[in-house]
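Accompanying notes for the structure given below.
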Number of protein chains: 2
Amino acid sequence: MKTLRVPEATITRLSVYSRFLERLDQKGIVTISSGEIAEGVGVSPAQVRKDLAYFGEFGTRGVGYNVKDLLHYTLKILGLDRPWPLVLVGAGNLGFALCTHKGFNDRGFSIIGVFDNDLTKIGKKIVDLEVYPLEKMSEIIDAHQVRIGIIAVPPRAAQETADLMVKNGLKAILNFAPVALNLPEGIEIRNVDLTVKLEILTFNLGLRESL
Amino acid sequence: MKTLRVPEATITRLSVYSRFLERLDQKGIVTISSGEIAEGVGVSPAQVRKDLAYFGEFGTRGVGYNVKDLLHYTLKILGLDRPWPLVLVGAGNLGFALCTHKGFNDRGFSIIGVFDNDLTKIGKKIVDLEVYPLEKMSEIIDAHQVRIGIIAVPPRAAQETADLMVKNGLKAILNFAPVALNLPEGIEIRNVDLTVKLEILTFNLGLRESL
DNA sequence: TTCTGGTAGTTATTTTATTCACAAGTTTAT
DNA sequence: ATAAACTTGTGAATAAAATAACTACCAGAA
């Protein structure tokens, strides 16, 4: 591939374009221009074209993009042309919400194992999934060739959870705990911080008052 | 203020620094250097100093920063030197998780009203909060002078929810629905997209295979 | 007091990302 | 056929952000 060094912001937008295209396709729309995509997701048309240009030429000059084709291309680029089994650690309220989150299934993700070290939670069911003790993680990961884990435990338990995931062979971690995790080279890690964006809002509201 | 045009990435990091400082303070640590903060949150020391420099001089050369002082400064900058009442629309699993999310309370946010248009949910309790019909939002917002709302509804209902929030006087919205919202000038909006980061992981795992 | 080691604040440099502007190609109408 | 109206892909220009390098300053030891 000639495709090294793609800005992460581009991948982020690609994910957004991709889901926008899904909605267009569902509506039966066949063709769309960069300008319309831009309008629909809130970026500039040039940005849309530039982002796509990292990966090839998908449109037709004078015409635009075929919605179905571009949708497939974006899914392929994002690695979503196949299902992704996930394991989740932390059967609290957030874990529960993630297990039942429709957005994951829609994109080919399925949580196939939920783990916790809380004896009061182990054995309970989250929809059709039983909550297992941490010891069972290794078995599930091997059986389903899971590569990605989600951390939804309290901050204090996040690092040890991550360590265990790595030990069990996971290659990528999505971390909802608001702490920086220390991981070996080669493990992909991304954090989702529920409060950061809220604090950007309060910062901006505060700025506004001081004008 | 001389402080216009601060990169949003700086605010994001400030939020992270701030919570790191809280943990240091709880541990009784008095002084810390930019290098140690950097280490603790996973950025470069120069980045830490640069970020803080947008807002003033908080450290002592040759010494470092006083943890308690810097914590207070960061909280003040982020607008967290006062409580923030929030309203939430969408009493699904995600809404429930957000209501009980400890990270919000720790930072002075408190959800004081939950709303839904689903008759089977209205009247039920989420911890000590009753789920109200949307019609009651206006009243609660006025009574508590709420300025920020959280959207945790399905994608299709997100735009109308946002419109209603704006109509009821909210000035900022945190949106968990994966759609771009169309809002009037002057309303702050930030999206939290639960799947984007997951798709960055699959993209990177995919890249790795093609090497 | 003076020297040494260390650290913040700041300016300069480099890198990265976005926007702009236009050539190249497509379609439709005349 | 030709012109007119669009829209992509892309190289160049611009803007933004991160990094590095440097200066100023503090504390403690000699």
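So that the names make sense, note that chain A is the first sequence line, chain B the second, and so on, each numbered from 1.
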Only distances under 3.5 Å count here; give the side-chain donor-acceptor pairs of residues 111-118 of chain B to other protein atoms, sequence neighbours excluded, each with its distance to 0.1 Å.
| residue | atom | partner | partner atom | Å |
| --- | --- | --- | --- | --- |
| B:D116 | OD1 | B:D118 | N | 2.9 |
| B:D116 | OD2 | B:A91 | N | 2.7 |
| B:D118 | OD1 | B:T120 | N | 2.8 |
| B:D118 | OD1 | B:T120 | OG1 | 2.7 |
| B:D118 | OD2 | B:T120 | OG1 | 3.2 |

(request) For B:L52 and C:dT7, give me the distance from atom CG to atom P, rounded to whole Å. (result) 16 Å
(request) Please answer whether the main-chain N or O of B:I11 pairs with a side-chain N or O of B:S15 as donor and acceptor at a distance below 3.5 Å. (result) no
(message) Looking at C:dT19, I'd like to know if its phosphate oxygens (OP1 or OP2) sit under 4.0 Å from a side-chain N or O belonging to A:S44.
(response) yes
(request) Answer yes if the side chains of A:R107 and A:S18 hold a donor-acceptor pair under 3.5 Å, and no otherwise. (result) yes
(message) The side chain of B:S33 is closest to which nucleotide in this list: C:dT7, D:dA17, D:dT10?
(response) C:dT7
(message) Tell me the interatomic distance from A:E39, atom CD, to D:dT7, atom P, rounded to whole angstroms.
(response) 13 Å
(message) Could you tell me if the side chain of B:T161 sits less than 4.5 Å from the side chain of B:M165, heavy atoms only?
(response) yes
(message) At less than 4.0 Å, is any side-chain N or O atom of A:Y54 found next to OP1 or OP2 of C:dA17? Yes or no.
(response) no
(message) Can a side-chain donor-acceptor contact be found between B:D193 and B:T195 if the only test is distance below 3.5 angstrom?
(response) yes
(request) For residues A:R13 and A:V41, determine if any side-chain heavy atom of one lies less than 4.5 Å from a side-chain heavy atom of the other. (result) no
(message) Is the shortest side-chain heavy-atom distance between B:L205 and A:I148 below 4.5 Å?
(response) yes
(request) Please state how far atom CZ in A:F55 lies from atom P in D:dG9, giving the value in whole angstrom units. (result) 14 Å
(request) Using atom CZ of B:R5 as one end and atom P of D:dA15 as the other, report the distance to the nearest whole Å. (result) 14 Å
(message) Heavy atoms within less than 4.0 Å of DNA chain D: which residues of residues 13-22 of chain A have one? Give them sorted by number.
(response) none
(message) Should the side chain of B:K50 and the base of D:dT19 be counted as holding a donor-acceptor pair, with the cut-off at 3.5 Å?
(response) yes
(message) Ignoring hydrogens and geometry beyond distance, is a side-chain donor-acceptor pair present between B:S33 and B:E36 at under 3.5 Å?
(response) yes
(message) Quick check on D:dT19: is either OP1 or OP2 less than 4.0 Å from any side-chain nitrogen or oxygen of B:Q47?
(response) yes
(message) What does the B/S/- profile of nucleotides 22-30 of chain D look like, 5' to 3', with a 4.0 Å heavy-atom cutoff to protein?
(response) --BBSS---
(request) Find the distance A:E8:CD to D:dA16:P and express it as a whole number of Å. (result) 21 Å
(request) Whole angstrom is fine here: how far is it from OH in A:Y73 over to P in D:dT8? (result) 16 Å
(message) For B:Y65 and B:F58, I'd like to know if the aromatic rings sit close, meaning centre-to-centre distance below 6.0 Å.
(response) no
(message) I need the CG-P distance between A:D51 and C:dT18, as an integer number of Å.
(response) 7 Å
(message) From OH of A:Y65 over to P of C:dT27, roughly how many Å is that when rounded to an integer?
(response) 15 Å
